[in-house]
> 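Quick one: structure below, then a few questions.
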Amino acid sequence: MQLSHSVEWYIKMFTRQLIKSIFHQLTATRKCWPLHRQLTASVAGGNVVVLQGPDLGSPLKFPSVWLRDNCQCSACFHKNTKSRQANWTRTNVEARIRSINVCQQKKVTIDWWDDHRSSFTLDWLRNRDFAPTNRKRYIEEIYRPPCQLWSKKEFPNLIRTFEFTEVMEKDEALLAWLECLAIIGFCFIKNAPHDISVARQLSEHIGFIKRTTYGEEFEVKSKENARNYAYLMAPLPLHTDLPYYEYKAGINIIHCYVQSESLGGSSIMADGFYTAERLRNEFPKFYEILVKTPVDWYDLGEDNGVAFHNIWRSPVICLDVDGCYHRINENSTKRDSHFTVPLEQVAPWYEAYDKFVELAYAEAVEFKMASGDVFVFNNRRMLHGRTAYEDTPYNKRHLIGTYVDWDIIYSKIRILRAQQNEAKLY
Ligand code: OGA
Ligand code: NM2
Ligand code: ZN
Ligand code: ZN
């Protein structure tokens, strides 16, 4: 009995020692005195926890599978193309850690059970911290600046006007212009030359034009045998361009080449996101309907001898993956008589739509561009239109427009911001 008890005891002690040593290996933390005496790293519940020391902020936590997936060594990550080159087909979901070391210069080094070693600089890790504040910072400062919605009342205080030559010649002005478009959704550029290439020059200064079935540049003027309602002198109701495209253009750059001397030809505009927000707060049932009901948008016609029939089914209010406003579709001239929803959804949809349009007009502002002005706005967000006008033989209203996509604009914003801050992009 005594003997068996002592064997048991030895086994127990041995197992305990073994567990302790495994545990010790897993939580191995080597401090580097005196350089990084405050920096420590350990494993807890599948995460690596990096303690930065009392003055350096809260602990950083990273799932070990994510660390393994993002190993920066030259076998796993191709520096020149900034591409992951390991795990082409499968991820090492096990990702077991043998030991962690913080001895190198502000680096956390991990030795994995399969004899692979990964090193991460503290800056790189901090930049990718999963804490809510850091994710928010990345989304708002690097991904996309959040939109500032505005009402009719706020409009006068939000008008920003840029000089054509400044925007074309100075990077700070270009960045300020693009940030204003991203945040406020519209702005003006003044003193453009009397040249038909103004909209093209501005677009190409950002990146490149988004071509549509209406060409790279489109001329908004009263045309013989017009094939688009915009090419009449009639009033143009509040709308967004190209709702009938899956890849709707990001922004409109409209150069007022010649303005009408008639009383009309004024621009109207309302913040479509603000209108949606009012609907959400004041008429939540209508909001639900406009978010959920797909509408058939279409464009059946011809431009420059090329026939087209575009169709896109999409709600009036489109949200992104975070539930934020992504895109407004509204254009009564481009809403199809085909409405491919169940019968019983039709009448309720009209009621909701009618309220949305009523709110948009309640929030609409009016202004008249002068020749040489450029009106630029977010085509996913701004409802815009114009009042009727009348050409004379000596005065024909003539606008020249181009579109640019948001992918191109956001990319330019990031590049310009990084240049300005002399920051590395990765
Ligand atoms: C358009 C448009 C505005 C105007 O052509 O789509 O919005 O002022 N035009 O003519
Ligand atoms: N234009 C100006 O969505 C539309 O068809 C609005 C677009 C013809 C390119 C007008
Ligand atoms: Zn690696
Ligand atoms: Zn338009």
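Counting starts at 1 for both ligands and their atoms, in listed order.
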> Taking only heavy atoms of Lys334, which atoms of ligand 2 are found under 4.0 Å from at least one of them?
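In order of number, 5 (O).
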> If you measure from the Lys or Arg side-chain nitrogens to the Asp or Glu carboxylate oxygens, is any gap between Asp303 and Arg227 under 4.0 Å?
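So Asp303 does not pair with Arg227 through a salt bridge.
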> Could you go through residues 283-293 and list every donor-acceptor pair under 3.5 Å that involves a side-chain atom there, pairing it with any protein atom two or more places apart or in another chain?
unit_1	atom_1	unit_2	atom_2	d
Glu288	OE1	Lys292	NZ	2.7
Thr293	OG1	Ile289	O	2.7

> Asp391 vs Lys396, test: salt bridge (charged side-chain N to carboxylate O under 4.0 Å, His left out). Steps then yes/no.
CA-CA 5 Å; Asp391 281 352; Lys396 291 183 194 299; 5.2 Å; no
> Please write down residue, atom name and distance for the protein heavy atom closest to atom 6 (C) of ligand 2.
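Result for atom 6 (C) of ligand 2: Asp241 OD1, 3.6 Å.
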> Which bit of Asn331 is near ligand 2, meaning a heavy atom under 4.0 Å away: side chain, backbone, both or neither?
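For Asn331, the contact with ligand 2 is made by the side chain alone.
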> Quick test of your reading of the model: are Lys355 and Glu351 salt-bridged, counting only N-O distances below 4.0 Å?
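Salt bridge: no.
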> Determine, for Arg98 against Asp115, whether the closest basic-nitrogen to carboxylate-oxygen distance falls under 4.0 angstrom.
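Yes.
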> Run the salt-bridge test on Glu363 and Lys152 with the 4.0 Å N-O cut-off and return the result as yes or no.
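Salt bridge absent between Glu363 and Lys152.
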> Are Asp373 and Lys190 within salt-bridge range, i.e. N to O under 4.0 Å?
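Yes, Asp373 and Lys190 are salt-bridged.
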> The criterion is ring pair (Phe, Tyr, Trp, His ring centres under 6.0 Å); which residues satisfy it with Tyr361, sequence neighbours excluded?
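Here no residue qualifies.
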> Compute the centroid of each ring, for Phe130 and then for Trp66, and state whether the two points are separated by less than 6.0 Å.
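Aromatic pair counts; centres sit under 6.0 Å.
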> Quick one: does Arg137's side chain have a donor or acceptor within less than 3.5 Å of a partner on Asn127's backbone?
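Between the backbone of Asn127 and the side chain of Arg137 there is a qualifying donor-acceptor contact (under 3.5 Å).
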> What does the 4.0 Å heavy-atom contact list look like for ligand 1?
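Contacts of ligand 1 under 4.0 Å: Val220, Ala230, Leu236, His239, Asp241, His384, Arg386, Arg397, Leu399.
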> Between Arg126 and Asp123 (salt bridge meaning N to carboxylate O under 4.0 Å), is one present in this structure?
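Salt bridge present between Arg126 and Asp123.
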> Check each heavy atom of Tyr244 against ligand 2 and say whether those closer than 4.0 Å belong to the side chain, the backbone, both or neither.
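Tyr244 to ligand 2: side-chain contact only, backbone stays beyond 4.0 Å.
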> Are Trp312 and Tyr298, when compared by the centres of their aromatic rings, separated by less than 6.0 Å?
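No, too far apart.
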> Under a 4.0 Å heavy-atom limit, does Trp297 contact ligand 2 with its side chain, its backbone, both, or neither?
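Trp297 to ligand 2: no contact under 4.0 Å from either part.
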> Flag the pair Lys248 and Asp241 as a salt bridge only when some basic side-chain nitrogen lies within less than 4.0 angstrom of an acidic carboxylate oxygen.
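Salt bridge flag = no for Asp241 with Lys248.
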> Got the closest protein heavy atom to atom 3 (O) of ligand 2, with its distance?
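Ranking protein heavy atoms by distance from atom 3 (O) of ligand 2, first comes Leu242 N, 2.7 Å.
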> What I want to know is whether Val220 and ligand 2 share at least one N or O pair that is separated by under 3.5 angstrom.
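Between Val220 and ligand 2 (N or O atoms, distance only) the closest approach is not under 3.5 Å.
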> Could you name all protein N, O or S atoms found under 2.8 Å from the Zn ion (ligand 4)?
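Atoms qualifying: His239 NE2, Asp241 OD1, His384 NE2.
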> With ring-ring contact (aromatic ring centres under 6.0 Å, His included) as the test, pick out the partner of Phe186 among Phe377, Phe162, Phe155, Phe367.
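Among Phe377, Phe162, Phe155, Phe367, the one that satisfies the ring-ring contact (aromatic ring centres under 6.0 Å, His included) with Phe186 is Phe155.
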> Which residue and atom name correspond to the protein heavy atom nearest atom 9 (C) of ligand 2, and how close is it?
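Result for atom 9 (C) of ligand 2: Tyr403 OH, 3.3 Å.
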> Short N/O distance, under 3.5 Å, between Asn228 and ligand 2?
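Yes: some nitrogen or oxygen of Asn228 is under 3.5 Å from one in ligand 2.
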